[in-house]
Enquirer: 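Take a look at this one; I'll ask things after.
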Amino acid sequence: MKMWDGRFSKGTDALMEAFNNSLPVDRTLIKEDIAGSVAWANALAKAGVLTVEERDKIVGGLKSILDDYNNDRISFLPSDEDIHMAVERLLIERIGAAGEKLHTGRSRNDQVITDTRLYTLGALDGVAECLLELQKAVVNRAKSDLRVIVPGYTHLQQAQPVLLSHYWMSLFSILEREKSRVVHAKKSADILPLGSGAVAGSGFCVDRDAIAAELGFSSVSTNSMDMVASRDFVIEALSVFASVGVHLSRYAEDLIIWSSREFGFVELDDAWSTGSSMMPQKKNPDSLELIRGKSGRLIGNHVRAATTLKGLGLTYYKDLQEDKEPLFDSVLTVGMILKVFANVIATLKVREDRVKQGLDPFLLATDMADYLVRKGMPFRQAHKVVGRLVGYCAESNTALTDVSINKLREFSEMFGDDVTDLYSWERAVNGRAVKGGTSLESVEAQIAGAEGVLEQR
Ligand code: ARG
């Protein structure tokens, strides 16, 4: 027996029933489904479709279903094809005839998208919270590593010295942008669909603004066809989660490399590493590898939802049922990677001795070129001169900072005794005092700005 089987002369094939069934996935939406139904019952009563007694019975019945669900007292049936049908069946079983009136003027098409929007709004709030927690961990890390100087890399080749705190604060900056993406995704989700019906709008004149206010939506949809077809906000949320995954994956990649024996710049805490079943010496950065790995899954979920949508004309097609699995999966995954990453960076040890050993004097080559520029040489020429000098050092296996002043003068007369002033990591770092540069002052300003942002909440 199905609620919609009036026009059917035989039952659904068991395989079809299993194929069509979305309950194992969409039962996640029971809280939102019941909230939506309570608001709908209130609206129907206000519109004179339900009596106050019927409405109260419905609302009471719905609340008892949620309560029983939360206490593991609900058994679903194989014929409950999705959470909406399951709740309606349970309601009718509990309160009888009044329950049969709840679906008046409503369709599962506007119902499911109401539930999904409510869920997405809550999930985005949760992700925003995790982003903020990670930002706090980043700022703490930047403060404790404030003066540590590390090689800054391009092409995984040592480029210029930077403060480790500058590196950490780069993550703060990108997390700020992720937060603004979350805000936009919320805006796209924050529209009430109920009242859109199956496609053309409800045939009963319910007060949609009141429903929106009750459910906490800040606006009401302006077009029913758009609304029952809309999954743009799902794709947008999934793209934000994928973006978070991609970016954490990049930082994970750096830290994985830095934790290798060859670099040894950082050591992960035991609590966030795992061992090998065979090789007793191993301590692997699995936390970071999983963050990197799961970013593939977040991208996949985004692509999966967009691919489902792309061939569908307006309005609802059952294909759209496929939106929830990637959405729910990404919500869980993104929350997890944000929390794990925050813990990994809060607990990792920076091996300052190894970092120091890792600094190659060639990191000062740009400063030497800038020195010649300050003496009056055009930059292109200075670049050539220092390039030749670097070539000489590489060939003769001499550190850039060990070349005698006489030798330096063979490359350019402009080198003076004061060139040795350049041979200081602190000087090189503090020489980048532009806004957004790596000087101590600039990083302290970044941290102060970040703390201001975090306090604003
Ligand atoms: N389980 C469906 C989904 O998730 C609910 C909407 C079904 N609507 C319909 N007309 N069959 O998309």
Side-chain angles (χ1 to χ4, degrees), residues 1-8 11-37 39-40 62 65 69 74 76-92 102-123 189 191-203 215 221 224-238 301 304-331:
M1 266 281 287
K2 299 274 192 298
M3 288 189 216
W4 41 249
D5 67 1
R7 61 101 72 213
F8 287 77
T12 316
D13 187 277
L15 177 59
M16 177 58 199
E17 191 160 77
F19 189 49
N20 189 36
N21 193 303
S22 60
L23 189 63
V25 174
D26 59 28
R27 57 188 288 172
T28 300
L29 295 173
I30 189 163
K31 188 165 79 41
E32 288 80 7
D33 197 70
I34 286 182
S37 286
W40 188 245
L62 289 168
I65 293 168
Y69 181 83
I74 293 283
F76 291 115
L77 302 176
S79 55
D80 290 331
E81 67 178 65
D82 56 27
I83 190 61
H84 326 292
M85 295 306 247
V87 169
E88 200 177 334
R89 171 187 65 80
L90 289 161
L91 182 69
I92 293 166
L102 173 64
H103 210 54
T104 309
R106 181 178 75 169
S107 158
R108 274 184 294 160
N109 297 355
D110 59 351
Q111 191 180 357
V112 70
I113 201 61
T114 301
D115 296 2
T116 309
R117 282 174 180 275
L118 284 173
Y119 168 89
T120 303
L121 286 168
I191 305 169
L192 174 80
L194 271 184
S196 298
V199 55
S202 179
L215 291 175
S221 63
S224 62
M225 296 184 81
D226 164 50
M227 209 30 34
V228 293
S230 70
R231 296 296 182 277
D232 58 303
F233 70 97
V234 173
I235 291 174
E236 189 174 349
L238 287 172
N301 283 339
R304 185 172 158 190
T307 309
T308 299
L309 201 62
K310 78 173 260 303
L312 305 182
L314 265 61
T315 51
Y316 181 87
Y317 290 87
K318 199 57 171 275
D319 312 46
L320 293 175
Q321 180 163 282
E322 291 294 311
D323 64 348
K324 286 168 221 59
E325 212 170 69
L327 178 63
F328 299 165
D329 182 64
S330 281
V331 168

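Please read all numbers here as calculations on a predicted model, not as lab measurements. For ligands, and for the atoms within them, numbers begin at 1 and follow the listed sequence.
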Enquirer: If we ignore angles and hydrogens, is there a donor and acceptor under 3.5 Å between the side chains of Gln321 and Ser22?
Expert: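 There is such a pair (donor and acceptor under 3.5 Å, judged by atom type) between the side chains of Gln321 and Ser22.
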
Enquirer: Using distance alone, determine whether His84 and ligand 1 share an N or O pair under 3.5 Å.
Expert: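 In this structure, His84 places no N or O atom under 3.5 Å from an N or O of ligand 1.
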
Enquirer: Mind checking the CG-CG spacing from Leu309 to Asp319? Nearest 0.5 Å is all I need.
Expert: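 Reported to 0.5 Å precision, the distance equals 9.0 Å.
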
Enquirer: Check ligand 1 against Asp82 and write out every atom of the ligand that is under 4.0 Å from a heavy-atom position of the residue.
Expert: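 Selected atoms, number and element: 1 (N), 2 (C), 5 (C).
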
Enquirer: Under 3.5 Å, is there a donor on one side chain and an acceptor on the other for Thr116 and Arg231?
Expert: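 Side chains of Thr116 and Arg231: no pair found under 3.5 Å.
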
Enquirer: Among all the protein's non-hydrogen atoms, which is closest to atom 2 (C) of ligand 1, and how far away is it?
Expert: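 Result: Gln321 OE1, 3.2 Å.
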
Enquirer: Starting from atom 3 (C) of ligand 1, find the nearest protein heavy-atom neighbour and note its residue, name and distance.
Expert: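 Ranking protein heavy atoms by distance from atom 3 (C) of ligand 1, first comes Tyr316 OH, 3.2 Å.
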
Enquirer: Can you find a pair of side-chain heavy atoms, one from Tyr69 and one from Ile34, that are under 4.5 Å apart?
Expert: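 Counting from C-beta outward, Tyr69 and Ile34 never come under 4.5 Å.
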
Enquirer: Do Met227 and Asp110 come within less than 4.5 Å of each other through their side chains, counting heavy atoms only?
Expert: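 No, every pair of side-chain atoms sits at 4.5 Å or beyond.
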
Enquirer: For ligand 1, which atoms sit closer than 4.0 Å to a heavy atom of Ser22?
Expert: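 That gives atoms 1 (N) of ligand 1.
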
Enquirer: Less than 4.0 Å is my threshold; does some heavy atom of Gln111 fall inside it relative to ligand 1?
Expert: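 No heavy atom of Gln111 comes that close to ligand 1.
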
Enquirer: Answer with side chain, backbone, both or neither: which part of Glu81 has a heavy atom less than 4.0 angstrom from an atom of ligand 1?
Expert: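 It is neither part, as no heavy atom is under 4.0 Å.
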
Enquirer: Decide, yes or no, whether a salt bridge links Lys2 with Glu17 under the criterion of side-chain N to carboxylate O below 4.0 Å.
Expert: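 Glu17 and Lys2: salt-bridged.
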
Enquirer: Would you mind checking which non-hydrogen protein atom is closest to atom 11 (N) of ligand 1, with the distance to 0.1 Å?
Expert: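 Its nearest protein heavy-atom neighbour is Arg108 NH2, 3.6 Å.
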
Enquirer: Is there a side-chain contact between Thr28 and Lys324 (heavy atoms, below 4.5 Å)?
Expert: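 Side-chain contact under 4.5 Å: no.
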
Enquirer: For atom 10 (N) of ligand 1, find the nearest protein heavy atom and state the residue, atom name and distance (0.1 Å precision).
Expert: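 I find the closest protein heavy atom is Asn109 OD1, 3.1 Å.
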
Enquirer: Could you tell me whether Lys324 and ligand 1 have an N or O pair separated by under 3.5 Å?
Expert: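 Between Lys324 and ligand 1, an N or O pair is found under 3.5 Å apart.
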
